[in-house]
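These notes are about the structure you will find just below.
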Amino acid sequence: MDLSEHFILMADYNIRMNGQVYDACARLDADRLSADSGAFFGSVLGTLNHILVGDLLWLARFASHSDRYHVLTSLSTLPKPQALDEIIHADLLSLVSARTTIDTIIRR
């Protein structure tokens, strides 16, 4: 397996695991998703937003350091978070949509 195939394999694994996490979250009602559970980022939604924000920040850094990552130009249409605890999607449906978009970009 060459390095490129390895990265694609890891991206596919990331997509699969994110799918499992979001499927589990889909079983929770809106109140449970947004309730402060004492976690570092408050609620389940807060934690999922934090993970998405982290991905957006890192991908933006990669995009700014090389013109070889052409697929990252599509990031310009996505939110540009300013803080790790920023809530950029207040509901699970929009988070799932954003996660799918980001995971597709990562895989490409």
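- To the nearest 0.5 Å, atoms CG (Leu84) and CZ (Phe40) are separated by 9.0 Å.
- The minimum heavy-atom distance linking Thr100 with Thr104 is given by the pair O-OG1, 2.8 Å.
- Contact between Ser43 and Ala35 at its shortest, heavy atoms only, is CB-O, 3.1 Å.
- Here the closest heavy-atom approach between residue Val44 and residue Cys25 is recorded as CG1-SG, 3.7 Å.
- Taking CD1 from Ile15 and CG from Asp103, the interatomic distance works out to 5.0 Å, rounded to the nearest 0.5 Å.
- No donor-acceptor pair under 3.5 Å is formed between the side chain of Asn14 and the backbone N or O of Met10.
- A 4.5 Å side-chain heavy-atom check between Arg107 and Ile8 finds at least one atom pair inside the cut-off.
- For the atom pair Thr47 OG1 and Leu52 CG, the distance stands at 12.5 Å (nearest 0.5 Å).
- No path of Ile, Leu, Val, Met, Phe, Trp and Tyr side chains, each step under 4.5 Å between heavy atoms, connects Leu9 with Met17, placing them in separate hydrophobic clusters.
- Minimum interatomic distance between His6 and Met1 (heavy atoms only, all atoms of both residues): CA-SD, 3.5 Å.
- Smallest separation of non-hydrogen atoms from Pro81 and Pro79: CD-O, 3.2 Å.
- Between Leu92 and Leu48 there is a side-chain heavy-atom pair separated by less than 4.5 Å.
- Here CG of Leu56 is found 10.0 Å from OG1 of Thr101. Values are rounded to the nearest 0.5 Å.
- With hydrophobic clusters built from ILVMFWY side chains whose heavy atoms lie under 4.5 angstrom apart, Ile51 does not share a cluster with Leu59.
- Here the CD1-CG distance, from Ile88 to Leu78, works out to 8.5 Å after rounding to the nearest 0.5 Å.
- The minimum heavy-atom distance between Ile106 and Ala11, with the atom names listed, is CG2-CB, 4.3 Å.
- Taking the salt bridge (charged side-chain N to carboxylate O under 4.0 Å, His left out) definition, one finds that Asp91 meets it with nothing, sequence neighbours left out.
- Residues passing the side-chain hydrogen bond (donor to acceptor under 3.5 Å, both in side chains) test with Asp85, sequence neighbours excluded: none.
- A single hydrophobic cluster is not seen to contain both Tyr22 and Ile87; linkage of ILVMFWY side chains at heavy-atom distances under 4.5 Å, directly or through other members, places them apart.
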- Message: Would Asn49 and His89 count as a side-chain contact (heavy atoms from CB on, under 4.5 Å) here? Give the steps.
- Response: CA-CA 7 Å; Asn49 270 280; His89 297 285; 4.0 Å; yes
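- A distance of 10.0 Å separates OH of Tyr13 from CG of Asn18, quoted to the nearest 0.5 Å.
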